[in-house]
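All remarks here apply to the structure that follows.
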Amino acid sequence: DAGVIQSPRHEVTEMGQEVTLRCKPISGHDYLFWYRQTMMRGLELLIYFNNNVPIDDSGMPEDRFSAKMPNASFSTLKIQPSEPRDSAVYFCASRYSGREEETQYFGPGTRLLVL
Amino acid sequence: SQQGEEDPQALSIQEGENATMNCSYKTSINNLQWYRQNSGRGLVHLILIRSNEREKHSGRLRVTLDTSKKSSSLLITASRAADTASYFCATGGTDSWGKLQFGAGTQVVVTP
């Protein structure tokens with residue numbers, strides 16, 4: 001298996017622009033998580049889905065952030081408009097609920113810089 | 001907010017030495033997991049210990065869990081330069097949907 005795939009790996013944009021981050025979970029996994037990692041705040045859970053349905057979005061910073069999962073193999077995290085404080089590494093992770101080991105498998109991350 | 005708090009924040013050791021890091025948490029848990037993150041990479045799962053377990057081993061890793069003290073420790077024996085990474089504990093709550101709360105991490109540097 002290719003693991004969790006994220007794109008782009010790096011994104012540099014200007015304040016006010018729309019940013020879309022993409023994630024392909026591991027095939028067969030029914031949970032998908034979006035995290036944000038910064039030096040100041042560490043690793044924060046933004047939102048997670050179960051069977052493509054958003055379960056908890058309480059970690060989403062504000063209305064500028066939105067996430068969708070139109071099918072089991074694809075999810076997007078959108079920031080519109082972007083701000084410099086959104087600069088961070090964004091990780092997607094997936095998990096299969098049927099396994100006894102409740103392991104989350106992380107993608108390589110998208111490093112976002114908003115100028 | 002972060003559930004787990006790792007201690008120390010940073011650790012520098014030489015190859016062959018053991019590395020020990022601790023994690024404390026606040027609420028009841030179903031399980032506690034340890035992850036490793038190499039610089040510029042995603043997190044990789046190392047080991048999981050359930051709330052009814054006290055100790056678990058995996059290769060050079062040894063994890064302990066004390067639910068009465070709400071704390072866990074990760075021991076890496078005979079460390080190697082390749083163990084240089086940040087290590088995070090993550091707790092799964094009793095009501096979780098598989099949601100984990102991560103600590104701030106311990107940065108470990110192993111020098112040859």
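These numbers were taken from a predicted model, which means no experiment stands behind them. Convention: sequence-line order gives letters A, B, ...; per-chain numbering from 1.
- Note: Phe102(B) and Phe88(B) have perpendicular aromatic rings, judged against thresholds of 30 and 60 degrees for the angle between ring planes.
- The aromatic rings of Tyr105(A) and His29(A) are tilted relative to each other, their planes meeting at an angle between 30° and 60°.
- The aromatic ring centroids of Phe106(A) and Tyr35(A) lie less than 6.0 Å from each other.
- Asp66(B) contributes a side-chain N or O that, together with a main-chain N or O of Lys69(B), makes up a donor-acceptor pair within less than 3.5 Å.
- For Gln37(A), the part sitting under 4.5 Å from any heavy atom of chain B is the side chain, from C-beta outward, and nothing else.
- Remark: Arg36(A) engages Glu44(A) in a salt bridge, criterion side-chain N to carboxylate O under 4.0 Å.
- Below 4.5 Å, heavy atoms of chain B meet heavy atoms from Phe91(A), all part of residues 83-91 of chain A.
- Not one N or O on the side chain of Gln37(B) forms a donor-acceptor pair closer than 3.5 Å with the backbone of Gly42(B).
- Looking at Val44(B), Leu46(B), Leu100(B) one by one, the single match for side-chain contact (heavy atoms from CB on, under 4.5 Å) with Tyr35(B) turns out to be Leu100(B).
- When Gly109(A), Gly59(A), Pro108(A) are compared by the number of non-hydrogen pairs under 4.5 Å with chain B, Pro108(A) comes out ahead.
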